Amino acid sequence: MKMKEKQFEKKAYRLSLIMYYGVFALVLLCACVGYTLQTHTQPIEKNTETIISTISYLYLMASIPFVLWYSNKKVNTLGKIEDDEQRYKEYMRIVKLKIGLVAVAFVVNIILFYLLHSYNFLYAAGIAAVALIFCKPKEEDIAVALSKDDEEEL
């Protein structure tokens with residue numbers, strides 16, 4: 001049973017890292033495409049830019065604390081799930097949500113930076129990038145999250 005648990009830990013770590021670094025690859029791709037196309041976009045009204053910037057910052061301020069709180073809360077309950085495969089699936093769902101919500105902010109703000117030519121979006125992307133650092137998967141954390149709670153049996 002322990003061997004199966006280790007396999008799930010390795011698989012979870014590998015897939016989590018692929019998702020994590022995939023976000024940075026996607027941002028790099030968006031930045032390259034945005035850089036080449038930045039001369040083809042027309043400037044928009046300042047009022048529209050302000051509205052989009054406000055929505056972007058509100059999303060950042062709501063999603064980052066929420067996703068970190070929610071993932072921590074859910075990971076702490078994983079030990080109660082008896083089936084290893086079910087625990088693994090639930091953990092991967094949490095990781096996808098955590099990385100995905102922060103990645104949306106990161107990628108969208110990079111795209112908006114090149115489309116609207118405003119440094120506000122670059123700052124927002126920087127905030128999302130820092131938040132993404134807190135989402136980086138660690139082997140030790142995955143091992144703890146995917147281990148069963150044995151305290152109830154004592």
Side-chain angles (χ1 to χ4, degrees), residues 1-38 52-116 118-154:
M1 196 65 156
K2 216 39 166 164
M3 187 61 135
K4 192 174 184 182
E5 211 172 274
K6 287 290 184 190
Q7 288 175 328
F8 283 126
E9 288 174 15
K10 287 181 181 180
K11 187 176 178 183
Y13 181 65
R14 188 173 60 247
L15 289 176
S16 298
L17 279 180
I18 289 171
M19 283 187 284
Y20 180 77
Y21 288 114
V23 170
F24 288 105
L26 181 61
V27 165
L28 186 62
L29 177 69
C30 289
C32 290
V33 170
Y35 182 75
T36 58
L37 298 177
Q38 76 181 4
I52 294 171
S53 177
T54 302
I55 292 170
S56 171
Y57 276 113
L58 285 174
Y59 178 80
L60 276 173
M61 293 300 138
S63 67
I64 292 170
F66 169 75
V67 77
L68 294 175
W69 167 80
Y70 181 79
S71 65
N72 187 38
K73 179 183 167 192
K74 286 297 184 182
V75 164
N76 289 336
T77 63
L78 287 177
K80 296 179 177 104
I81 300 173
E82 290 296 321
D83 184 31
D84 289 340
E85 189 170 340
Q86 184 63 33
R87 194 170 44 251
Y88 164 76
K89 286 180 182 177
E90 183 65 21
Y91 178 75
M92 290 309 295
R93 187 184 68 76
I94 294 166
V95 167
K96 287 175 191 173
L97 179 71
K98 182 168 64 171
I99 292 175
L101 285 177
V102 177
V104 165
F106 194 15
V107 171
V108 167
N109 280 299
I110 289 293
I111 291 169
L112 288 172
F113 169 69
Y114 284 108
L115 288 177
L116 304 177
S118 173
Y119 282 99
N120 290 334
F121 300 109
L122 192 59
Y123 299 139
I127 293 169
V130 170
L132 201 57
I133 291 171
F134 292 107
C135 298
K136 185 174 184 190
K138 298 180 190 86
E139 284 185 275
E140 303 84 29
D141 295 342
I142 293 172
V144 169
L146 292 179
S147 64
K148 265 189 249 186
D149 283 344
D150 294 331
E151 298 159 2
E152 294 174 2
E153 297 173 7
L154 295 176

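Since we're looking at a predicted model, the values are computed, not measured.
- Nearest heavy atoms, Val102 versus Ala128: CG1-O, 3.4 Å.
- For Tyr123, the OH atom sits in a loose shell: 12 or fewer heavy atoms of surrounding residues, nucleotides or ligands are nearer than 6.0 Å.
- Remark: Val144 pairs with no residue by the side chain to side chain contact (heavy atoms under 4.5 Å, CB included) rule, at least two apart or across chains.
- Listed by first and then second residue, the side-chain hydrogen bond (donor to acceptor under 3.5 Å, both in side chains) pairs involving residues 92-108 are Glu90-Arg93 (not counting sequence neighbours).
- The local environment of CZ in Phe134 is sparse, with at most 12 non-hydrogen atoms from other residues, nucleotides or ligands closer than 6.0 Å.
- Phe121 has its side chain out of reach of Leu115: every pair of non-hydrogen atoms, C-beta onward, lies at least 4.5 Å apart.
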Note to self: Assess the residue pair Val95 and Leu15 against the criterion (side-chain contact (heavy atoms from CB on, under 4.5 Å)); give the C-alpha distance rounded to whole Å, side-chain angles, the decisive distance to 0.1 Å, and a yes or no.
What the structure shows: CA-CA 10 Å; Val95 167; Leu15 289 176; over 6 Å; no
Note to self: Please evaluate residues Phe106 and Leu60 with respect to the criterion side-chain contact (heavy atoms from CB on, under 4.5 Å), reporting the C-alpha separation (whole Å), side-chain torsions for both, the decisive distance (0.1 Å), and the verdict.
What the structure shows: CA-CA 9 Å; Phe106 194 15; Leu60 276 173; over 6 Å; no
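- Scanning both residues, Pro137 and Tyr13, for their nearest heavy atoms gives O-CE1, 3.8 Å.
- Of the possible donor and acceptor atoms, one in the side chain of Tyr57 sits under 3.5 Å from a partner among the backbone N and O of Asn120.
- Summarising the geometry of Ala125 relative to Ile110, their closest heavy-atom pair is CB-CD1, 3.7 Å, with the distance given to 0.1 Å.
- A pairwise comparison of heavy atoms in Arg87 and Ala145 identifies CD-O, 4.1 Å as the closest pair.
- Under the side-chain hydrogen bond (donor to acceptor under 3.5 Å, both in side chains) criterion, no residue pair touches residues 61-75, with sequence neighbours excluded.
- Between Tyr114 and Tyr35, the ring planes lie perpendicular to each other; the angle is over 60°, past the 30° to 60° tilted range.
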Note to self: What verdict does the side-chain contact (heavy atoms from CB on, under 4.5 Å) test give for Tyr59 and Val108, after you've listed the backbone C-alpha separation in whole Å, the side-chain angles of each residue and the deciding distance to 0.1 Å?
What the structure shows: CA-CA 11 Å; Tyr59 178 80; Val108 167; over 6 Å; no
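- The heavy-atom pair separating Ser118 from Phe113 by the smallest distance is O-CD1, 3.2 Å.
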Next item on the list: For Lys136 and Ser16, run side-chain contact (heavy atoms from CB on, under 4.5 Å): C-alpha distance rounded to whole Å, both residues' side-chain angles, the deciding distance at 0.1 Å, then the answer.
Entry: CA-CA 8 Å; Lys136 185 174 184 190; Ser16 298; over 6 Å; no
